[in-house]
Every structure is written in C-alpha cells, then in structure tokens.
Trainee: 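Have a look at the structure that comes next, please.
Just so you know, these numbers come straight off a predicted model, no measurement behind them. No hydrogens, no waters, no symmetry mates; every other heavy atom, side chains included, goes into these values.
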Amino acid sequence: MVLDDLGSSLRGTLDTLRGKSRLSEEDIEEIVKEIQRSLLSADVDVSLVMALSDNIKERALEEEPPAGTPARDFVLRIVYEELVDLIGDSIELPLEEQTILLAGLQGSGKTTSAAKMAWWFSTKGLRPAVIQTDTFRPGAYDQAQEMAERAEVDFYGDPDGEDPVEIAREGLEATSEADVHIVDTAGRHALEDDLIAEIEQIEGVVEPDTSLLVLDAAIGQGAKEQAQQFDESIGIDGVVITKLDGTAKGGGALTAVDQTDSSIAFLGTGEEVQDVERFEPDGFISRLLGMGDLSQLAERVERAMEQTDIEEDDWDPEDMLQGQFTLNDMQKQMEAMNNMGPLDQVMDMIPGLGGGIKDQLPDDAMDVTQDRMRAFTVIMDSMTDAEKEYPKAIGASQIKRIARGSGTSEEQVRELLQQYKMMERTIKQFQGMGSEQEMQRMMKQMQQGGGGGGGGMGGMGPFG
C-alpha cells in the first residue's frame, strides 16, 4: 500500500526508543529528525513537515508522560495525534439525496472513483447514478459505462455528444429518480484554461452539494499547485486519493488536504469497484503506525460474508464451533477472506499483525500467501463432496488423482491436507473452551506462536 514506506520508516524510528522509560532532549531531537526525513521522502510538503515536526518536538519536551508509560508509547501517541490533526476529520457525506462533482487531471482515476463511490452509496441503501461528461478523452464513455455496470448502478452519458455542459444537464434529468448523482468531468494532462472553464460551467449547471478533487497517490509535490487552482476555481470540499495499492510515496495527498483546508473523503485501494474505503483519519493513521484498524476490519468482514457465494442455510461460520470442521468449511472461510481484499491490507487492520510484523516479512510474502490460497481453492474444486466432508479418508491414490485433476503437484495437495489438520486442531481447542479464562489462555498461546499446533497465524488459516 502507498505510504507503507512512510509507515515503516516512522515505526522504525520509534522502535529506537524501546526499553527507555525517560526521554532526553537528544532523543527527541533525533526522533524529530527521523520523522522529518520520513515525511520528506514521502513527498509531504516541506512547510507542512516543519510545522508538524515542531509540534511533535514541543509536545514531547513540554508534556509529562503518564506514570509508567514507556517513552516509545508516549511519543507514538503524540505522533498519532498530530498526524490525525494534520489530516483533519473526514468530510461529511450524509446518506441522503445529493450531487457530487469530481474534478482532477487526466489519469488521476476520476472515472474509476465515480463508480466506486456509487457502489459504496448503493451498499448504504441509496440509489446512485454516475453521469459521464468527458468528451475529451477517447474511451471515457465506454470505461464509465463498463465500470457503472460492474458497480450495478445507474449511468448516463452520450458517446456522440460534444457539449459536456449539455450532457451534464441531460444526465440530471435522465437520472432524476436517483438519490445520489456523481458527475465525472474531463481531465487534461495539465491545468489548462479550457479545462478550468469547462468545469466551472458544469458546476454552474449541476450545482453540486460537494466538490471532490481526485488525486493519484503518486502525485508528489505537484499536488499543492493542483489543489490550489481547483480550489480557486470551483471550491474543493474534499479529496479522493486513488491507487493506494501501488508503490508510490503518497505524501502529496496530505499536502493537498492541507492546501485546500479540506479533508479526505474516500481512499481507492485496488482495481475492483469494491476496492474503496470511506476515509476515517484515526483508523488510517493507526494502520500507518502499525496499530491496526478494527472498525474498518469489521466492515470488511461483514461485507465479505455477504459476498461469499453461499445459501444462507448452507453454511454458518458458527457451525464450525459446534460440529465437525470439514474442507467445505475451510473453502468457505478462504472465499470470505478473498472477498475482504488483498491480504496485506487486511493484516494492516489487525493490531499487532500489520506494521512491525509486516516489516519483517519478505516483500513478496503476501503475494506468495495469496497464491497459495488460490492453489488450495483449485485443489478443493477437484475433490469429490465425500472427500471434502471427510478429508481424513483421502489416501495416496486419491492424492495422485486430485493433483492430476487440479494441475497441481501431489506435494501441494498434501500441504492442503496438512493445513486442514492444523486448522481442525485449532477449531477443536475453541470447541473445548468452557470459560472466559480458557479463551484468554488460548488467545495468549496463539499470540506467542502456539496456535494449537498450527504455529501462530498458520493455525488459524492457510497462511503457512
């Protein structure tokens, strides 16, 4: 995820304080310098970096840490609070009728963001519509139509139209039954006068309740000028940051938020229409610093279970704690996990698993794990129902047949069966718990790597 380098650098800096109970002025000076380096290397504006680091330094020197609080935790809290204050509260987007105008340069991800936002509003019980007014970029209409279809939302555009202002006016009329209108405007390779004039005219017609600036997370220092000019032209209420699944630095987005005196509305975290998050500053910074984000994790879990392709009476996760754990249970569990999104993003939301632990893993660790899960799914698709219900009966001849049918190796089939055994063992330990104390003992054992014989996370899922 973009800003991962920033998060890793900040966490590494704070880790130098481990074991210290008191902070010297030299400690604080060194920490502040490292934070400055981290933010500048992430393309955060210099003036913003200096103001932020000055605040951190002043608080660390003047505030008295609570009794018994380690130095690292004390500074971590200050850094967390200052970063949250920098970004500000998430822009308010009420779940009611409204019109949203999207602006930004070509390639920033406006068209994709329009569909993602429409999908998000649809999950909240509203009827959204995307209106495509871009007559400048070839293929803009086709892309917008396809994305709207994938999001299963209303769409209006005119592939033969030449006047974007007229298209916007007609679009509002054609989608009058929609609750939320999201108007996608044309971009250019630079902030040209005709682009600004066109957006101003469209704004006059649609009279948006909210105008959002869409920024590629890789924008860097150019974000400041972009944000300023768009803000002067149509007034920017908030920012949408796209392509947060890439490898760019991402600090320019923080600069844009400060420059427009606005806040972030949505985060785009992948290529699918479901890869979008409503921005919550405390959770975002918490993940950045390796502290997790349980509210966002809970939302993803709920969404994943709704998307898992099963009949309501066919499978219930709670059944695993009552009866026999089968490969069918394991397959549904994996399907739900895949619906939660990329594994590295999910790990970032789990306190104690993102951040520091991820920093210690090889760069491709998450990709390897995701590939392994996909291979397991293919293998299970090649099994009979009886084999999935009672995998302990699978012998050598069946392993050979399953490997041949799934296009995998016999070793991979055995790995799947071994993973199943570890998960079954862990589930049985949960089934045997009769008290809260026993549950706490089990969770502590898992955190220490016991995992009921599964080895940490390996005992709870196909992560080995």
Side-chain angles (χ1 to χ4, degrees), residues 1-89 220-221 224 249-255 257-259 263-264 280-294 347-363 444 447-449:
M1 175 179 176
V2 170
L3 296 181
D4 258 357
D5 289 343
L6 172 58
S8 176
S9 181
L10 287 173
R11 293 189 296 267
T13 299
L14 293 168
D15 280 345
T16 63
L17 298 177
R18 285 193 185 279
K20 292 189 176 184
S21 57
R22 301 291 298 179
L23 287 172
S24 67
E25 189 166 346
E26 290 74 18
D27 288 331
I28 295 172
E29 287 283 357
E30 188 58 34
I31 288 295
V32 168
K33 285 180 182 177
E34 287 299 324
I35 289 174
Q36 288 174 350
R37 291 191 194 104
S38 300
L39 294 170
L40 289 172
S41 64
D43 271 341
V44 181
D45 184 66
V46 176
S47 59
L48 209 55
V49 171
M50 298 312 295
L52 180 68
S53 58
D54 284 348
N55 289 345
I56 293 172
K57 180 179 178 180
E58 181 179 344
R59 291 186 58 185
L61 286 172
E62 294 182 0
E63 293 183 12
E64 189 69 23
T69 303
R72 180 186 182 277
D73 293 350
F74 173 60
V75 176
L76 177 64
R77 179 175 63 83
I78 292 175
V79 173
Y80 167 80
E81 290 174 353
E82 288 298 325
L83 284 172
V84 170
D85 187 58
L86 164 68
I87 294 177
D89 295 331
Q221 297 289 344
K224 188 170 184 177
K249 297 176 181 178
L254 304 183
T255 303
V257 169
D258 182 73
Q259 185 65 39
S263 57
I264 301 171
E280 298 297 341
D282 50 355
F284 178 74
I285 297 300
S286 180
R287 279 150 59 187
L288 191 70
L289 296 174
M291 298 156 59
D293 182 1
L294 289 176
M347 278 191 70
D348 273 337
M349 297 173 192
I350 304 174
L353 288 182
I357 288 183
K358 272 182 58 183
D359 294 344
Q360 300 169 30
L361 296 174
D363 291 340
K444 185 176 182 180
Q447 289 169 355
Q448 293 172 344

Trainee: Once side chain to side chain donor-acceptor pair (under 3.5 Å) is applied, do any residues pair with Glu81, and if so which ones, sequence neighbours excluded?
Mentor: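 Only Arg59, Arg77 meet the side chain to side chain donor-acceptor pair (under 3.5 Å) criterion with Glu81.
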
Trainee: Which residues pass the side chain to side chain donor-acceptor pair (under 3.5 Å) test with Glu58, not counting sequence neighbours?
Mentor: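 Expected list: none.
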
Trainee: To the nearest 0.5 Å, what is the distance between CD1 on Ile35 and CD1 on Ile28?
Mentor: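 Spacing of CD1 (Ile35) from CD1 (Ile28) equals 10.5 Å.
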
Trainee: Among Glu25, Glu29, Glu82, find the residue that satisfies the salt bridge (charged side-chain N to carboxylate O under 4.0 Å, His left out) test when tested with Lys57.
Mentor: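 That would be Glu29.
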
Trainee: What pair of heavy atoms forms the shortest contact from Val32 to Ser53, and how long is it?
Mentor: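 Shortest heavy-atom separation between Val32 and Ser53 comes out as CG1-CB, 3.6 Å.
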
Trainee: Answer yes or no: is there a side-chain heavy-atom contact under 4.5 Å between Leu48 and Leu52?
Mentor: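 Side-chain contact under 4.5 Å: no.
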
Trainee: Who are the side chain to side chain donor-acceptor pair (under 3.5 Å) partners of Glu62, not counting sequence neighbours?
Mentor: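 Applying side chain to side chain donor-acceptor pair (under 3.5 Å) to Glu62 gives none.
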
Trainee: Going by the rule side chain to side chain donor-acceptor pair (under 3.5 Å), which residues pair with Asp27 if we only count those two or more places apart in sequence or in a different chain?
Mentor: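 So Asp27 forms a side chain to side chain donor-acceptor pair (under 3.5 Å) with Lys20, Ser24.
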
